[in-house]
Amino acid sequence: TARKAPQKLKARKVTADPTTVATVWHSMQTICREMRHVIDRTAQNFLISQLHDISVGLWDAKGTTIAVAVGLPPQFLGAGFAVKALLEKFGDDIAPGDIFLTNDPYHGGHCCHLPDWAFFRPIFYKGELLFFTMARAHQQDTGGSYPGGYFPNGFDIHAEGIIIPPIKVWSAGRERTDVMEMIWNQVRFPHGVRIDNAAMIAATKLAEQRVIALLDKYGKDVVLACIAEMFDRTERAVRAEIKMIPDGTYAAEAATDDDGTELDVPVWVRLDLTVRDDQLILDFSRSDAQRKGFVNSIYAGTYGNAIAAVCMTLDPALADYHNEGTQRAITVIAPEGSVVACKYPATVGAAPVNVGNQIMEVVLDALSKARPSRAVAAWGKHRGDYVFA
């Protein structure tokens, strides 16, 4: 049956008392933490279970960010783009019990690199699609020319591994086992990857159960009203922080030693950060063009790292409350074809911890000039050729 149209958050004048708003808000955060805990305790991959290379979250039926827990910014802060792409691709072909998988940086997946597989589950309530939840984690292998998915000399992204566009891997509560087996057959450790995938899917199921319990307790209209209030409160708080920064444009630049293919040729990320009253504009237009080596970042990854770097300089009391309201106050500009918004088929394997580091560094550098009292030091550099690999 055709699903109902997504509910507009402010369609009805429903108000919620402050206690209920706080309860719903913290419930959303707790759901995300529970998701991470499930994956931590049941995954077998060292990168996931010990290094916590995981990101989870909750979005509404339009891809608006509701709650994100501790995680890796390029994995989840741009995930709203992926939700919107799912809605565009599948339209009414989304039903309770469906699960979607993607690791594609380019064709609607908005994943920062191929090892990060993302499972999305739509959450329905009384037949109406209200939310999406996601579990994204770094798989121990994703196929390609080199184990682990890091290959600095790949001709194009296909050398880095299997590319999974947004695809339905569970339909109405039943696994499409033939599809999953085809995917697992492309990786070097299918048994381990299968276990990790099951852990991630279980986390999304837990989120669905918790969200539905919350809706049962307070009702759809109250929960949606609380979420709308959450957005507005966060936006007001973030804009108030930005207003404390003197208006103007602040420049910064950072480079990695090379792209891992053309050695000893620095790859530059450059930023012009503009403060206009209560709006922040991050313009990466002066950054280098995309490179042959595997350090290129897609726009969603750049967006996530840039937003996260801004959050690091805001009032620490806001740390647990960032959501769509934060993103409303910040604009990220990155020209297509640049090293911070690369185009298919550029390789991207090292982007999260290479050019990704430079993206965060230039934002922190620029804001340290704009607001020295909130300056945050950068960290050790990563060489472009991944010496540890």
Side-chain angles (χ1 to χ4, degrees), residues 51-57 65 68-82 105-106 109-116 118 134 136-138 238 250-256 259 267-273 280-288 290-291 294-314 318-319 322-324 326-327 329-336 338-342 346-368 370 374-382 384:
L51 298 183
H52 310 296
D53 200 335
I54 315 165
S55 295
V56 300
T65 306
V68 288
V70 172
L72 300 167
Q75 286 186 345
F76 66 79
L77 283 179
F81 300 123
Y106 296 113
H110 300 281
C111 295
C112 54
H113 66 169
L114 297 183
D116 289 336
M134 179 202 76
R136 178 174 281 164
H138 190 124
V238 170
Y250 306 86
E253 60 181 15
T256 184
D259 67 357
V267 181
W268 287 93
V269 175
R270 299 183 177 91
L271 172 68
D272 295 302
L273 183 149
L280 207 58
I281 302 169
L282 310 178
D283 188 348
F284 292 90
S285 295
R286 294 190 298 111
S287 299
D288 283 356
Q290 66 186 53
R291 306 299 291 269
F294 66 162
V295 301
N296 303 289
S297 175
I298 63 165
Y299 176 80
T302 295
Y303 179 89
N305 277 321
I307 296 287
V310 172
C311 292
M312 290 168 68
T313 68
L314 302 178
L318 299 177
H322 291 295
N323 54 36
E324 188 72 20
T326 304
Q327 295 168 247
I330 305 169
T331 300
V332 179
I333 300 170
E336 189 177 34
S338 67
V339 74
V340 291
C342 59
T347 52
V348 296
V353 293
N354 191 286
V355 162
N357 273 359
Q358 319 316 319
I359 292 163
M360 297 192 81
E361 183 171 329
V362 295
V363 175
L364 294 173
D365 188 2
L367 284 171
S368 73
R374 289 282 172 81
V376 179
W379 43 83
K381 293 281 192 174
H382 285 268

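Every heavy atom of this structure was used, including side-chain atoms; hydrogens, water molecules and symmetry mates were not.
The main-chain N or O of Ala137 is never found under 3.5 Å from a side-chain atom of Asp53 such that the two would form a donor-acceptor pair. Using a distance-only test at 3.5 Å, with no hydrogens or angles considered, a donor-acceptor pair links the side chain of Asn296 to the main chain of Thr347. Listed for the Tyr106 side chain is a donor-acceptor partner under 3.5 Å among the backbone atoms of Ala346. In this structure, the side chain of Ser287 engages the main chain of Arg270 through a donor-acceptor pair within 3.5 Å. Between the side chain of Asp283 and the backbone N or O of Asp272 there is no donor-acceptor pair closer than 3.5 Å.
Taking all atoms of both residues into account, the shortest heavy-atom contact from Ala375 to Ser368 is CB-CB, 3.7 Å. The nearest pair of heavy atoms linking Ser55 to Gln75 is OG-OE1, 2.7 Å. Heavy-atom minimum distance, Gln358 versus Ala255: OE1-O, 3.6 Å. For the pair Gly109 and Ala82, the tightest heavy-atom approach, listed with the atom from each and the gap, is O-CB, 3.4 Å.
The residue from Asp259, Asn354, Val355 that alone fulfils the side chain to side chain contact (heavy atoms under 4.5 Å, CB included) condition with Val339 is Val355.
Residue pairs meeting the side-chain hydrogen bond (donor to acceptor under 3.5 Å, both in side chains) criterion with at least one partner in residues 297-312, sequence neighbours excluded, are Ser297-Thr302, Tyr303-Gln327.
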Show the numbers, then the answer: is there a side chain to side chain contact (heavy atoms under 4.5 Å, CB included) between Val68 and Asn323?
-> CA-CA 7 Å; Val68 288; Asn323 54 36; over 6 Å; no
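Between the OG atom of Ser338 and the CG atom of Asp288 there is a distance of 9.0 Å, given to the nearest 0.5 Å. Rounding to the nearest 0.5 Å gives a distance of 4.5 Å between CG of Leu280 and CG of Leu273.
Using bins of under 30°, 30° to 60° and over 60° for the plane-to-plane angle, the ring pair His138/His113 lands in the perpendicular bin.
A heavy-atom distance below 4.5 Å is found between the side chains of Phe76 and Met134.
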